[in-house]
Amino acid sequence: MKPVVTRFPPSPTGFLHIGGARTALFNWLYARKTNGKFILRIEDTDEARSSTDSTDAILDALQWLGIDWDEGPYFQTERKDIYRRYIRKLVETGHAYYCSCTPDEITAMREQARARGLKPMYNGKCREKGLSDSDNTVVRLKTPDAGVTVVEDIVKGDTAFQNAEMDDFIIQRSDGSAMYNLAVVVDDITMGINTIIRGDDHLINTPKQILIYKALGADLPVFGHVPMVLGPDKARLSKRHGAMSVGEYRNMGYLPDAVINYLVRLGWSHGDQEFFTRKDLIQKFDLEHLGRSASMFDMQKLTALNARHIQAKSAPDLAPSLLLLLKDLGIAAENDVFTHKVIETLQPRSKTLVEMAESARFYYVDAPDIDEKAAARFLTADTADMLTRIADAIDNLPDFTQDGLEKIFKKIMADFNLGFGKIAQPLRVAVTGTTVSPGIFEMLLALGKEKTVHRIRQAAARISNQAL
RNA sequence: GUCCCCAUCGUCUAGCCCGGUCCAGGACACCGGCCUUUCACGCCGGCGACAGGGGUUCGAAUCCCCUUGGGGACGCCA
């Protein structure tokens, strides 16, 4: 059994979008699962639309997702000689021919075909002319007039295409450059690709490609055409659907593991399992459980999965990404024990890292921004004394632990005849500035004794000042 | 217009290949409740689907056909 060789061939005409990422993921997972090889190839033969910026962005996004490649990136623009050689071979063996029809003529043919209720096609005018290479000639593949070409697809099953439906398509442009179908097949053959998983928008290209494989006398790879990812309006995913690029998800505070988890579940399943670690996926991914129908992209589910992945990670793992986001908020934080504690208090209540960074803000600033509404409700005149008492008690606490804090709170509760809630909320507002925060104990413990005492005193002072 | 693909809760899906264990299971969302120092997490419960019509069969979500709906492709783009 030969090792599996898969590939991901993006064209560098923009960022890596979600649909492309999923295709890359399927190929990568299958290669990793089978101990095969995953090759990256940049399909930049459309030089007008391709850019190195796009290439960089795509590579960057793949790296962020943790999709690494064993070979490449190869660039099709650097392989022109290879294509030319194969095209020459096809002409020499009679599988292809030169055609001198002008674009206008072709347009006319198409209109004619359409008028007769047929598929718009080239009519094979130059097929038997025996033209040779000259300016303004293209090369076309000689396709069979009759019979069928069957695509054996591991996700769609066998699909038969009438050869009569296929025209003699162009494999080389008049400027001598290779067209997509030719370049892909030549690349896949020469790179040893034996498993092709791609979007089902390519299913129609497959019979054409099979014809090229056959004309070249090459073995066919295994094909698997996965359904498209659609937007919420069931239209193919496009710019107008909002966040499309993988990079946007990084900026919004999504974890690569969550994105991968979500993407793989869009069209693949493993029983009822929803949560997968990277390791799980490499172990469990298979081609048998790829779905056949298109799916819609659902941010809410991605977000839910992201929350679960945030909880599943360790604080030190989360820290580097969070630090970057804190920096965006103007907060300089270190990857230290303090930050790790901060993260732990926030993990169960953050759906994204951006959310976590915003919630973490109060830990780092010198004095929290006091929310006026919260202050009006909880930092009232009658709490000033209590807060001062708490601050003093904590200040004198030999051990700044949950036990120590509990003892203090119990005493205060008894002395002031208050329920715990009556103490906790003013305290929370004093220390965080808002009524919403992690649990009092974990939060104070993470904040540290000094800051805690300082903030409570500041709040008490604030109340006194307002009373004047 | 022609060709191709697809069709289970609002969404992602299990089940379909090898009909009965499915008056269809899980997850997200939504709605209740519990827990509780806030917000969350968590837990419990609820709502909610086999597109329609014909067959085949003792029996169909599962097999066949048609209809409808959705998607894709018909480039000197990839």
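No experiment lies behind these values; they were computed from the predicted model shown. Protein chains get the first letters and strands the later ones, always in sequence-line order, with residue 1 at the start of each.
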Rounded [atom1] spacing from [N] to [M] in Å:
N	M	atom1	answer
B:C66	B:G59	C1'	23 Å
B:G45	B:U67	P	45 Å
B:G75	B:G15	C1'	42 Å
B:U8	B:C23	C1'	15 Å
B:G46	B:G52	P	25 Å
B:C35	B:C41	C1'	11 Å
B:G72	B:C30	P	29 Å
B:A29	B:A40	P	13 Å

Counting N and O atoms only, with roles assigned by atom type, does the side chain of [X] sit under 3.5 Å from a partner on the main chain of [Y], one being a donor and the other an acceptor?
X	Y	result
A:Thr388	A:Ala384	yes
A:Gln347	A:Ile310	yes
A:Asp44	A:Thr77	yes

Base, sugar-phosphate alone, or nothing: which one does [X] contact when heavy atoms must sit under 4.0 Å apart?
X	answer
A:Ser11	sugar-phosphate
A:Ser295	sugar-phosphate
A:Pro438	base
A:Pro120	base
A:Asp175	nothing
A:Lys351	sugar-phosphate
A:Gln172	nothing
A:Cys101	base

Go nucleotide by nucleotide along RNA chain B from the 5' end; which of A:Phe161 and A:Asp272 gets its closest nucleotide reached first?
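Upstream on the strand: A:Phe161.
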
Using heavy atoms to find the nearest nucleotide of RNA chain B for A:Arg349 and A:Ser269 separately, return the residue whose nucleotide is more 5′.
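The 5'-side residue here is A:Ser269.
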
Is the base of B:C43 syn or anti, where syn means the angle lies within 90° of 0?
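Anti for B:C43; the angle lies over 90° from 0.
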
Assigned partner base of [N], Watson-Crick or wobble definition, under 3.5 Å:
N	value
B:C50	none
B:U68	B:A7
B:A60	none
B:C74	B:G1
B:C43	B:G33

Does the ring center of A:Phe285 lie less than 6.0 Å from the ring center of A:Phe276?
no

If the threshold is 4.0 Å, N to carboxylate O, is there a salt bridge linking A:Lys341 and A:Glu442?
no

Test salt bridge (charged side-chain N to carboxylate O under 4.0 Å, His left out) applied to A:Asp168 and A:Arg140, A:Lys125, A:Arg127, the passing residue
A:Arg127

Report, as yes or no, whether the 6.0 Å neighbourhood of atom CZ on A:Arg377 holds more than 12 heavy atoms from other residues, nucleotides or ligands.
no

Chain A on RNA chain B: first and last contacting nucleotide, 5' to 3', under 4.0 Å to a heavy atom?
B:G1 to B:A78

Using the rule side chain to side chain donor-acceptor pair (under 3.5 Å), only one of A:Thr206, A:Asp200, A:Thr159 pairs with A:His225; which is it?
A:Thr206

